[in-house]
Protein chains: 2
Amino acid sequence: MTTQPQTGHDDGSAPRSRPRGAAFLLSQVGAHAATRFAERIGGLGVAPSDVGLLRMIATRPGRSQQSLAEELGVVPSRVVALVDGLERKGLVERRRNPQDRRNYALHLAAEGERVMAGMRDLASAHEDEICAALDDTQRAQLTELLEAIAAQQGLTAGVHPGYRHLPQ
Amino acid sequence: MTTQPQTGHDDGSAPRSRPRGAAFLLSQVGAHAATRFAERIGGLGVAPSDVGLLRMIATRPGRSQQSLAEELGVVPSRVVALVDGLERKGLVERRRNPQDRRNYALHLAAEGERVMAGMRDLASAHEDEICAALDDTQRAQLTELLEAIAAQQGLTAGVHPGYRHLPQ
DNA sequence: TATTGTTATACTCTATAACTATA
DNA sequence: TATAGTTATAGAGTATAACAATA
């Protein structure tokens, strides 16, 4: 994804009184953070698109594919492909529900638990890398500002919009 | 692009003393900002991938496709496709250089100038929309923090990493 | 009939590699 | 030989629509 050029401070001048370029910087730095994270988790053998799914299954085991599709804002057939991949890697299991044999209850396999643990460590290191320029106070400040924007813009906590389908 | 889930404040609790989740928030809010901007510029008939190109040509007219490819971090054949699209829409012109007939000098067409002007207005409105939750002081604060991160992470001012090719 | 999941298909994006023309 | 640009091709990602099994 890409965003607009801004008049910015390409010339190295100090920021103006009315700040400009925050939106572009957000998109730029955000894309960078996502790319770096993707590189890191690549070492665990999972793709960025897998991460949300894994976490949602870990948080609420037994969920159906439909419920994941809804929360992620993707089409159910997409979840089929994602779960196929995770199942092939031995990270999740599809368990039939005897009460209603139409849907599956999704659970993490043992290997999936290990990958989730690895991701938590990795997320912590990632956080430190991205925020290396900031001290603890500034980090808290940034988090607060971003949380305010996220809330006002109606973003769901923990759900990355990368999943959403623009084309209707 | 997608990033990691964070332990976050899904439960609505107050932020902890050691801030967690800034990197995920960055990626989440950044992707949202990029998506909203893409929706806006869609009305001008250009795609997000066109924007950087248009701006770079506007900033330094007469550039070659090669130089654009290098600065954007994409392969030259990709620039061919992008410039083809912009030329077809009447936004840019390829002018032969009589001194060296191998390369083109790229220039904005009249319609391209109009679109650039439209984008500047639109970027301003976009900025206001994304930062609606913040007052001017907070906006300046956010910009400062993001600029510090961008500089420390080695990001090029005004160049969106969405252009970069991870697959080598 | 409605719901869950699946398959078949097509479209977009973008890189690689081979090629043309010019130098 | 080297450089700017182009074409042909292939792979990844993801949506739409038709379908099967179950309720």
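Numbered from 1 within each chain, the chains take letters A, B, ... in sequence-line order.
Between C:dG5, D:dT14, C:dT14, one nucleotide has an atom nearer to the side chain of A:Ser49 than all others, and that is D:dT14. When each of D:dG5, C:dG5, D:dA21 is scored by its nearest atom to the side-chain atoms of B:Asn103, the top-ranked nucleotide is D:dG5. Between D:dA23, D:dT14, D:dG5, one nucleotide has an atom nearer to the side chain of A:Asp100 than all others, and that is D:dA23. Distance from the side chain of B:Val80 is smallest for D:dT6 among the nucleotides D:dT6, C:dT6, C:dT22.
Put simply, OH on A:Tyr104 is 13 Å from P on D:dA23, counting in whole angstrom units. Taking atom CG of A:Leu72 as the reference point, atom P of C:dG5 lies 13 Å away to the nearest angstrom. At whole-Å resolution of the value, CZ in B:Arg102 and C1' in D:dT1 are 11 Å apart. At whole-Å resolution of the value, CD in B:Gln66 and P in C:dT22 are 17 Å apart. Remark: P of C:dT6 and CG of A:Leu68 are 12 Å apart, rounded to the nearest angstrom. Across the protein-nucleic acid pair, A:Arg63 atom CZ and C:dT4 atom P stand 13 Å apart, rounded to whole Å. Nucleotide D:dG13 holds its P atom 9 Å from the CG atom of A:Asp50, rounded to whole Å. A:Leu53 places its CG atom 14 Å from the P atom of D:dG13, with the value rounded to the nearest Å.
At a threshold of 4.0 angstrom between heavy atoms, the contacts of A:Arg96 with the nucleic acid are absent.
A:Gln99 has no side-chain polar atom (N or O) that falls below the 4.0 Å cut-off from OP1 or OP2 of D:dT22. Checking the phosphate oxygens (OP1, OP2) of C:dT6, no side-chain nitrogen or oxygen of A:Arg78 falls inside 4.0 Å. Applying the 4.0 Å criterion to OP1 and OP2 of D:dT22, one finds that A:Arg101 has a side-chain N or O inside that range.
Along DNA chain D, the nucleotide nearest A:Ala81 and the nucleotide nearest B:Gln65 are compared for position; the residue whose nucleotide lies closer to the 5' end is B:Gln65.
Side-chain contact between B:Arg94 and B:His107 is absent, with no heavy atoms from C-beta onward closer than 4.5 Å. B:Gln138 places a side-chain heavy atom less than 4.5 Å from the side chain of B:Asp135. Residues A:Met116 and A:Leu108 meet the side-chain proximity criterion, which asks for heavy atoms closer than 4.5 Å.
Stacking of B:Arg96 on the aromatic ring of B:Tyr104 is recorded, both the 6.0 Å distance cut-off and the 45° axial limit being met.
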Pair B:Arg36-A:Gln153, side chain to side chain donor-acceptor pair (under 3.5 Å): steps then yes or no | CA-CA 11 Å; B:Arg36 288 291 301 123; A:Gln153 294 285 306; 5.3 Å; no
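At a cut-off of 3.5 angstrom, counting only N and O atoms as typed in the model, there is a donor on one side and an acceptor on the other between the side-chain of B:Ser77 and the base of C:dT16.
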